[in-house]
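To start, the structure itself, in structure tokens.
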Amino acid sequence: MAFGNGIVQKKGSHLWLTHLFMILGVLIIFFPIWLAFVASTVTQPEIVSPPMPILPGDQFIDNYKAALFAGVNVPVAKMLFNSFVMAMGIAVGKITISLLSAFAIVYFRFPGRQVFFWLIFITLMLPVEVRIVPTFEVIASFGLLNSYSGLILPLIASATATFLFRQFFMTIPDELAEAARVDGAKPMRFFIDIVLPMSRTNIAALFVILFIYGWNQYLWPLLITTDPEMNTIVMGIKQMFPSGDDVAEWPVIMATSILAMIPPVIVVISMQKLFVRGLMDSEK
Amino acid sequence: MGNVVLNCVKKSFGSTEVIHGITIDIKDGEFIVIVGPSGCGKSTLLRMVAGLEVISSGEVQIAGKVVNDKEPMDRNIAMVFQNYALYPHMTVKQNMGYSLKLAGHSKSEIERKVSATADLLQLSELLERKPRQLSGGQRQRVAMGRAIVREPSVFLFDEPLSNLDAKLRVQMRLEIRQLQRQLGITSLYVTHDQVEAMTMADRMIVMNNGNAEQIGTPLEVYQKPETLFAAQFIGSPAMNIFDAEIQNGCLILNGLALTEVSLPDGKVALGIRPEHLVPSASGPIKVSLNNAEPLGANTLLYGNIKSSNEDITISMPGVHEISENEGDKSFGVEKAKIHLFCPSSGRRL
């Protein structure tokens, strides 16, 4: 057994040992999700009587049907839709706005350019939670409580994405902009024909991150949606918990949790393909 | 018609003037090479003609019209960049057709023009490829194609060959020149390579520190350099320059009379090209040689002038070797091959 083979051994007991640890790790991480899944397939009495079941029950269809179409306060299908609108709105909005502002900052010389950039940058220092009271005040006086606009707009500006696109645009050689100018492209044409296609890898990566960011928003929707019809799923789960002596419908809540996980997982998996293809296609 | 007129064109960045007034009248179909060391303002001059830099003062005319305030796209020019500046996400075909598409040509017309240009440049096989799938020379050709397809009245080249290897550079040099003759389009070509300048130019502008040191045909510049700078920049290896003196109509180098000249007495800078020094036992230039570089067809000899210790380079046809004890040699030079410059202004005398 020579050291030349490297640290990771390709055969023998080491192979088994490394895999054993890996499987163990996966099991530990996966176990709570498994429990949630099991809980979503059994009846209420089965959950509350210890010990909790470890194997799925036969209530899968019933519980999920109940969650999707009836829910506790509002059908989960409705909450999924609300979350989807909010996450898409935030992701698409953030990307659009930050692409345009980064484009302006990098390619145009206007007075106060640096000031604007630093103003945008400073907002990085203030997370939603810090400015939540004034933001609520503004949204409330605009009459945007319990609306999609109210859910999306306060979260739509992104210093991080602007900064990221700015850095990327600065790596695009100046000659490319000049070549486009000589070819007769006006600034927005250059943006659409050259800059956008070149940034598609970054856009894909950011979309994944921002979609999940939007999907997982908890505090903001909790504040501004009083109407259950406007609940998003992440906060909706919390709303399902009983207050006082009510009985928690654990199978339905667990089914909702599992359902809440699915869209982000789909986005990650589907965008991953585009992401990798984008990486291989582009010159950078 | 693609004549270009520069009339005392100047460029300043803030309070620093980087181009001090260039004037030249370029005829239709002429190939003008702007040559100079890096930082001399040659690219800036080209970019002012292209419309990528604002002209601080003076006037640029293309095809008889003043274009100072026109956008690049309205000047009817095409530019080839040093790093090609191909759009990385577009195929060769899209790259070449992009300007036509923006100008609103029909699809069939774009197709026709692109394929005609591709034939001309032997790019037909590569039309569906992306730039990163092409070699340096091929990218260079696509950049040329993108310029040609627009049928501009002026081509602008900004050091287009400096990213290629030596062999390809020679080949592309010939191709560009041939193509330009064939199409008859006025061209401005920026380079720092004096060989490119010599071989390609109809006329060249030798630039230094934002000044045009000399404007003329390559042979004019070689045979009759107007300034010390032009003399040393054009020609390889560079011209030897010595401190000399004129006394009573006699040119004196290190106390030895070289030849008679009809100039007033005083100090002069004497320029002799390495290839014009010929060995002669009675020659006035005594050199102790210390190094030889055989290049095959000729040999470069390096040494010092014995009395003053000034460096000297001699280019001799054939192969020569020097050994330690026969390192001393005498050289002479024809009177017609001597260049004299004013040591203070650098102007030719």
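Proteins get letters first, then strands, A, B, ... in listed order; numbering begins at 1 in each.
For B/Glu71, the part lying near chain A is the side chain, with the backbone staying farther off; criterion is any non-hydrogen pair under 4.5 Å. Heavy atoms closer than 4.5 Å to chain A are found in the backbone of B/Ala78, but not in its side chain. If you measure heavy-atom distances from A/Ala177 to chain B, you find no contacts under 4.5 Å at all. Of the two parts of B/Arg47, only the side chain, counted from C-beta on, holds a non-hydrogen atom closer than 4.5 Å to a non-hydrogen atom of chain A. Of the two parts of A/Asp193, the backbone and the side chain both hold a non-hydrogen atom closer than 4.5 Å to a non-hydrogen atom of chain B. Heavy atoms of B/Leu102 lying under 4.5 Å from chain A belong exclusively to its side chain.
Note: A/Asp183 CG to B/Arg150 CZ = 5.5 Å, rounded to the nearest 0.5 Å.
For A/Leu176 against B/Pro88, the heavy-atom pair with the smallest separation is CD2-CD, 3.9 Å. When all heavy atoms of A/Glu175 and B/Phe81 are compared, the pair lying nearest together is CG-CD2, 3.6 Å.
Within the 4.5 Å cutoff, no side-chain heavy atoms of A/Val182 are placed close to those of B/Leu156.
Around the CZ atom of A/Phe84, the shell of radius 6.0 Å holds no more than 12 heavy atoms that belong to other residues, nucleotides or ligands. Within a 6.0 Å radius of NZ in B/Lys113, other residues, nucleotides and ligands contribute more than 12 heavy atoms. By the neighbour-count criterion of 12 heavy atoms within 6.0 Å, atom CD of B/Glu125 is sparsely surrounded, having that number or fewer from other residues, nucleotides or ligands. The number of heavy-atom neighbours closer than 6.0 Å to CZ of A/Phe116, taken from other residues, nucleotides and ligands shown, is 12 or below. Environment of CG in B/Asn209: sparse, with no more than 12 heavy atoms of neighbouring residues, nucleotides or ligands closer than 6.0 Å.
Every residue two or more places apart in sequence or in another chain was checked for a side-chain hydrogen bond (donor to acceptor under 3.5 Å, both in side chains) with B/Ser57, and none qualifies. The side-chain hydrogen bond (donor to acceptor under 3.5 Å, both in side chains) test applied to B/Ser135 returns B/Gln138, not counting sequence neighbours.
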